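A quick write-up on the structure given underneath.
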Amino acid sequence: MTNHTLRLLAILLFALAGIFIIDQNIKSLFVEGFRYYTDCIDLILVYNKGVAFSMFAFLEEYLKYIQLLLVFGVLIYVIYLQKICYALPVGILLGGAFSNIYDRFIHEGVVDMVYWHCGFNFAVFNFADVMIDLAVVWLLILNFKPHLCKS
């Protein structure tokens, strides 16, 4: 294994582990009973059996296995690409994705807790969801601005 590949894997795995650990610790607070209510944002416990806005909940048990296949596909693809600039955003994306998939194996669904209801009601979401969104935007920028990615 080359030094380049080791560097890519190290960045990817540290980002993945960091996001996974942070997200699981936040979720454990809510599973153990933490709640907080305000005029705009409530911190509550919701188990989401689907994906964004509960889509694909009808897939039930199969959803987590389909997601695992997709996530491993992303992991293999980024290792194949060998672009260091993708390592951190993909690590963040995979950390959030694995954390949400892990929830599906140990809880009734994905543990969500942030409920925005200031001016309009939004879906309940979690830290992993925010990190996945951040990573997707980052990857889109890298793809539309290829000069930012030299490796």
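Keep in mind the model is a prediction, meaning the values are calculated, not measured. Computed from heavy atoms alone, side chains included, the values below leave out hydrogens, waters and symmetry copies.
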Look at the side-chain heavy atoms of Ile, Leu, Val, Met, Phe, Trp and Tyr, link any pair under 4.5 Å apart, and say whether [X] and [Y] land in one connected group.
X	Y	result
Ile79	Leu142	yes
Ile41	Ile44	no
Ile76	Leu68	no
Tyr65	Leu69	no
Leu45	Tyr37	no

Hey, what do you get for [atom1] ([X]) to [atom2] ([Y]), rounding to the nearest 0.5 Å?
X	Y	atom1	atom2	value
Gln67	Tyr62	CD	OH	15.5 Å
Cys85	Leu148	SG	CG	8.5 Å
Tyr102	Phe105	OH	CZ	11.0 Å
Leu70	Leu75	CG	CG	12.5 Å
Met113	Leu43	CE	CG	8.5 Å

* salt bridge (charged side-chain N to carboxylate O under 4.0 Å, His left out) partners of residues 90-106, not counting sequence neighbours, each pair once -> Lys27-Asp103
* Asked: Just wondering, do Tyr86 and Val74 contact through their side chains at under 4.5 Å, heavy atoms?
  -> no
* Please go through Val110's hydrophobic cluster and name the other residues, only I, L, V, M, F, W, Y counting, with side-chain heavy atoms under 4.5 Å joining them. => none
Using distance only, find each side-chain donor-acceptor pair of residues 5-13 under 3.5 Å and give its atom names and separation, not counting sequence neighbours.
{"residue": "Thr5", "atom": "OG1", "partner": "Thr2", "partner atom": "OG1", "Å": "3.0"}
{"residue": "Thr5", "atom": "OG1", "partner": "Gln82", "partner atom": "OE1", "Å": "2.9"}
{"residue": "Thr5", "atom": "OG1", "partner": "Gln82", "partner atom": "NE2", "Å": "3.4"}

* Asked: Residues in ring pair (Phe, Tyr, Trp, His ring centres under 6.0 Å) with Phe34, at least two apart?
  -> Phe30
* Taking only residues two or more places apart in sequence, or in another chain, which ones meet Tyr36 in a ring pair (Phe, Tyr, Trp, His ring centres under 6.0 Å)? -> none
Less than 3.5 Å apart, which donor and acceptor atoms pair up between the side chains of residues 89-99 and the rest of the protein, not counting sequence neighbours?
{"residue": "Ser99", "atom": "OG", "partner": "Asp23", "partner atom": "OD2", "Å": "2.5"}
{"residue": "Ser99", "atom": "OG", "partner": "Gln24", "partner atom": "NE2", "Å": "2.7"}

* Just jot down the side-chain hydrogen bond (donor to acceptor under 3.5 Å, both in side chains) partners of Glu60, sequence neighbours excluded, or say none. => none
* Asked: Can you name the residues that form a side-chain hydrogen bond (donor to acceptor under 3.5 Å, both in side chains) with Asp42, not counting sequence neighbours?
  -> His117
* **Over 12 foreign heavy atoms within 6.0 Å of CG, Asp39** => no
* Who are the side chain to side chain contact (heavy atoms under 4.5 Å, CB included) partners of Leu140, not counting sequence neighbours? -> Val136, Phe144
* Structure fact -> Contacts satisfying side-chain hydrogen bond (donor to acceptor under 3.5 Å, both in side chains) that involve residues 13-22 (not counting sequence neighbours) are none
* To do: Could you tell me which residues satisfy salt bridge (Lys or Arg N to Asp or Glu O under 4.0 Å) with Glu32, sequence neighbours excluded, listed by chain and number?
  => none
Which donor-acceptor pairs under 3.5 Å do the side chains of residues 119-127 make with protein atoms, sequence neighbours left out?
{"residue": "Asn121", "atom": "OD1", "partner": "Tyr115", "partner atom": "OH", "Å": "3.2"}
{"residue": "Asn126", "atom": "OD1", "partner": "Ala128", "partner atom": "N", "Å": "2.9"}
{"residue": "Asn126", "atom": "OD1", "partner": "Asp129", "partner atom": "N", "Å": "2.8"}
{"residue": "Asn126", "atom": "ND2", "partner": "Asn100", "partner atom": "OD1", "Å": "3.1"}
{"residue": "Asn126", "atom": "ND2", "partner": "Val111", "partner atom": "O", "Å": "2.9"}
{"residue": "Asn126", "atom": "ND2", "partner": "Asp112", "partner atom": "OD1", "Å": "2.8"}

* To do: Using the six-membered ring wherever Trp is involved, compare the ring planes of Tyr47 and His107 and label them parallel, tilted or perpendicular (cut-offs 30° and 60°).
  => tilted
